[in-house]
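Worksheet: one structure, shown below.
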Amino acid sequence: MGCVFFNLLFWCCFWVLLWESHKLDSQRNGGGGNDVVVVQGTVFINGTASIAKTDDDFICATLDWWPPDKCDYGTCSWGTASLLTIDLANPILSNAIKAFSPLKIRLGGTLQDRVIYESKYDHQVQACTPFVKNSLGLLGFSQGCLPMSRWDELNIFFKNAGAAVIFGLNALSGRKIGTDGSAVGAWNSSNAASLLRYTVNKGYTIYGWELGNELSGNGVGSRVAADQYASDMISLQDIVDNIYTGFQVKPLVLAPGGFFDENWFLEFIDKTPKSLQVVTHHIYNLGPGVDDHLIDKILNPSYLNSGSQPFSGLQRILQSSASSAVSWVGEAGGAYNSGRNLVTNAFVFSFWYLDQLGMASVYDTKTYCRQTLIGGNYGLLNTNTFVPNPDYYSALLWHRLMGSNVLSTSFSGTTKIRAYAHCSKRSQGITVLLINLDGKTTVQVQLSTENAVSHGALTVQQQQQTQRTKFAKMSRDYKADVNTREEYHLTAKDGNLQSQTMLLNGKILTVNTSGEIPPLEPIHVSMQDPITVAPFSIVFADIPSVGLPACA
């Protein structure tokens, strides 16, 4: 009898240990559908007043100068995406820009401080030749040139596509570079002034002129002292005022397009109280593209939270300064040195990107420029095919749904949900963005709003259900119904976070044979149902029936 009891006890312990081991492995590997748990959570939104305000055209993307032989870690990922060589006749490119109506596009990047502009007004400019790889040159390349024929092509293309262009000027012109990387002397503005005059004479519209790229603080490749940079910005403002004399609306003047350094930015802003309209800074807070742990960082709420430091620091400086300048993110690729293939151009990167958009908005950032529209491994479009990567659709949904008034938002229930809310761009209601960083948990979300004045405070029943069973497809002639909301659920194809194919409400998003961007159609959901956020998914919920003072 004792032997039987011992054997029974042994096998019971064996199966318990085997089951615990299976659960641990399942958690590490993402698990299957049967392992998913359902938890409850609540989004709290204070609708008394907005806490910040973005530009209506908050979404921005960059185009860079890097030639095909720009390589990182043995991989050359830029193809012909350079401003000098990109195929402007590609229909997907123009359609991708037109879908935003408008899309801000910042033309610039590391090599902009090595660009000269072909000019009829400056006879000392040398022959207009492209960039050539040169180990002795700054940042590994020779000086390059922008032909005015190409400048014409770019301006005509952007006008037809409906883009608002910000152009980054060469801020190292006329300076001497010391052995320690410091750039000494005043900016020689003659070549830049000739470009501005040519642009005005041709009737081209430029939204803004930005001086320099990553020359602030310690700089990248070179650096300029804050007091000298301030003096150069005053010169640029004088040039713009002079050349655009008589224009009712003049281009913005932006700078410094570098990484946030509190002491440097403080001095620079204090010395440019009237000559600077926009302070631009860059974000690459995930580290180098070669890092094998990028996905771990993206899925870590604590790591994402740490990304707020430059936003809060710059907001604090601007609020305490005499300047009326506003903050932009002028370039953000997440992982520097061209990003990482199948991470920064895959579905998983929308977790980082949309969280950045939400976080930047909370700190009163007016515009956020993604590195890049196309080029490298972090383009919104595929470098070779021009087909949109997942983040393109994330950006387009933000642009169409999230209004400029930012609402105070918090989430209770799990630390793996990132929650943001804005007044809706499409109605006087609200739009909520929910990002689920957990691959094992479905979250049934309840919303609680303070000071709702239309149809009472919003409550959503905690009713557990199989996802999508109560969803009804919206017809094209659908009108806002106080009993319904619109939802947009974004997931990766086959649940693979490194997929470059995104699903909207279960359907693959892809351009058609004519290169047209697909319609982004919502599903119609009863207000009586919770917002169901599946594992590793993103949800935009547009709720027109909730009226808040902040959105009136």
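Everything quoted here is computed from the prediction, not taken from an experiment.
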Salt bridge (Lys or Arg N to Asp or Glu O under 4.0 Å) between D35 and K440, intermediate numbers included = CA-CA 7 Å; D35 298 319; K440 300 295 299 178; 3.6 Å; yes
Can you tell me how far CD1 of I59 sits from CG of L357, rounded to the nearest 0.5 angstrom?
-> 4.5 Å
Is the closest side-chain heavy-atom distance between H489 and L504 below 4.5 Å?
-> no
Mind checking whether Y378 and Y284 have parallel, tilted or perpendicular rings, split at 30° and 60°?
-> tilted
Under a 4.5 Å cut-off applied to non-hydrogen side-chain atoms, are L490 and S394 in contact?
-> yes
Rounded distance (nearest 0.5 Å) linking atom OG of S327 with atom NE2 of H281 = 4.0 Å
For Y420 and I435, indicate whether the former's side chain and the latter's backbone hold a donor-acceptor pair under 3.5 Å.
-> no
Parallel, tilted or perpendicular, as decided by the 30° and 60° cut-offs, for the rings of F351 and F347 | perpendicular
Value for OG (S321) from CZ (F268), rounded to nearest 0.5 Å, stands at 11.5 Å
Going by the angle between their ring planes, with limits at 30° and 60°, are F311 and Y363 parallel, tilted or perpendicular?
-> parallel
Salt bridge between E486 and R426, side-chain N to carboxylate O under 4.0 Å?
-> yes
Return yes if a side-chain donor-acceptor contact under 3.5 Å exists between N337 and Y73, otherwise no.
-> yes
Check the angle between the aromatic planes of F100 and Y392 and answer parallel, tilted or perpendicular using the 30° and 60° thresholds.
-> perpendicular
Rounded to the nearest 0.5 angstrom, the CZ-CG distance for R316 and L266 is 10.0 Å
May I ask you to check if R370 and Y353 form a cation-pi contact, with NZ or CZ under 6.0 angstrom from the six-membered ring centre and within 45° of the axis?
-> yes
Is the shortest side-chain N to carboxylate O distance from D292 to R340 below 4.0 Å?
-> yes
Can you measure from OG (S361) to CG (N405) and round to the nearest 0.5 angstrom?
-> 11.0 Å
Would you check if T42 and V445 make a side-chain contact, meaning some heavy-atom pair closer than 4.5 Å?
-> no
Does a sphere of radius 6.0 Å around CG in N300 hold more than 12 heavy atoms from other residues, nucleotides or ligands, not counting ones at 6.0 Å or beyond?
-> yes
Is it the case that S350 and D391 place a side-chain donor and acceptor less than 3.5 Å from each other?
-> yes
So, K53 versus S404: side-chain donor-acceptor pair below 3.5 Å or not?
-> yes
Aromatic plane relationship, F259 with H282 - under 30° parallel, 30 to 60° tilted, over 60° perpendicular | perpendicular
Decide ring-ring contact (aromatic ring centres under 6.0 Å, His included) for F58 and W398; before the verdict, give the C-alpha distance in whole Å, the side-chain angles of both, and the deciding distance to 0.1 Å.
-> CA-CA 9 Å; F58 175 71; W398 177 289; 5.7 Å; yes
Under 3.5 Å, side chain of D494 to main-chain N/O of N496, donor-acceptor pair present?
-> no
Roughly how far apart are R418 CZ and T409 OG1, rounded to 0.5 Å?
-> 12.5 Å
Quick check, are the ring centers of F265 and F260 under 6.0 angstrom apart?
-> yes
Is there a donor in the side chain of T62 and an acceptor in the side chain of E331, or the other way round, less than 3.5 Å apart?
-> no
Donor + acceptor pair across side chains of K104, T367 (<3.5 Å) | yes
Side chains of S537 and N436: do they bring a donor and an acceptor to under 3.5 Å?
-> no
Is there a donor-acceptor contact under 3.5 Å linking the side chains of W78 and D64?
-> no
Could you tell me whether the side chain of T344 and the main chain of G339 form a donor-acceptor pair under 3.5 Å?
-> no
Taking the side chain from H422 and the backbone from T431, do they hold a donor-acceptor pair closer than 3.5 Å?
-> no
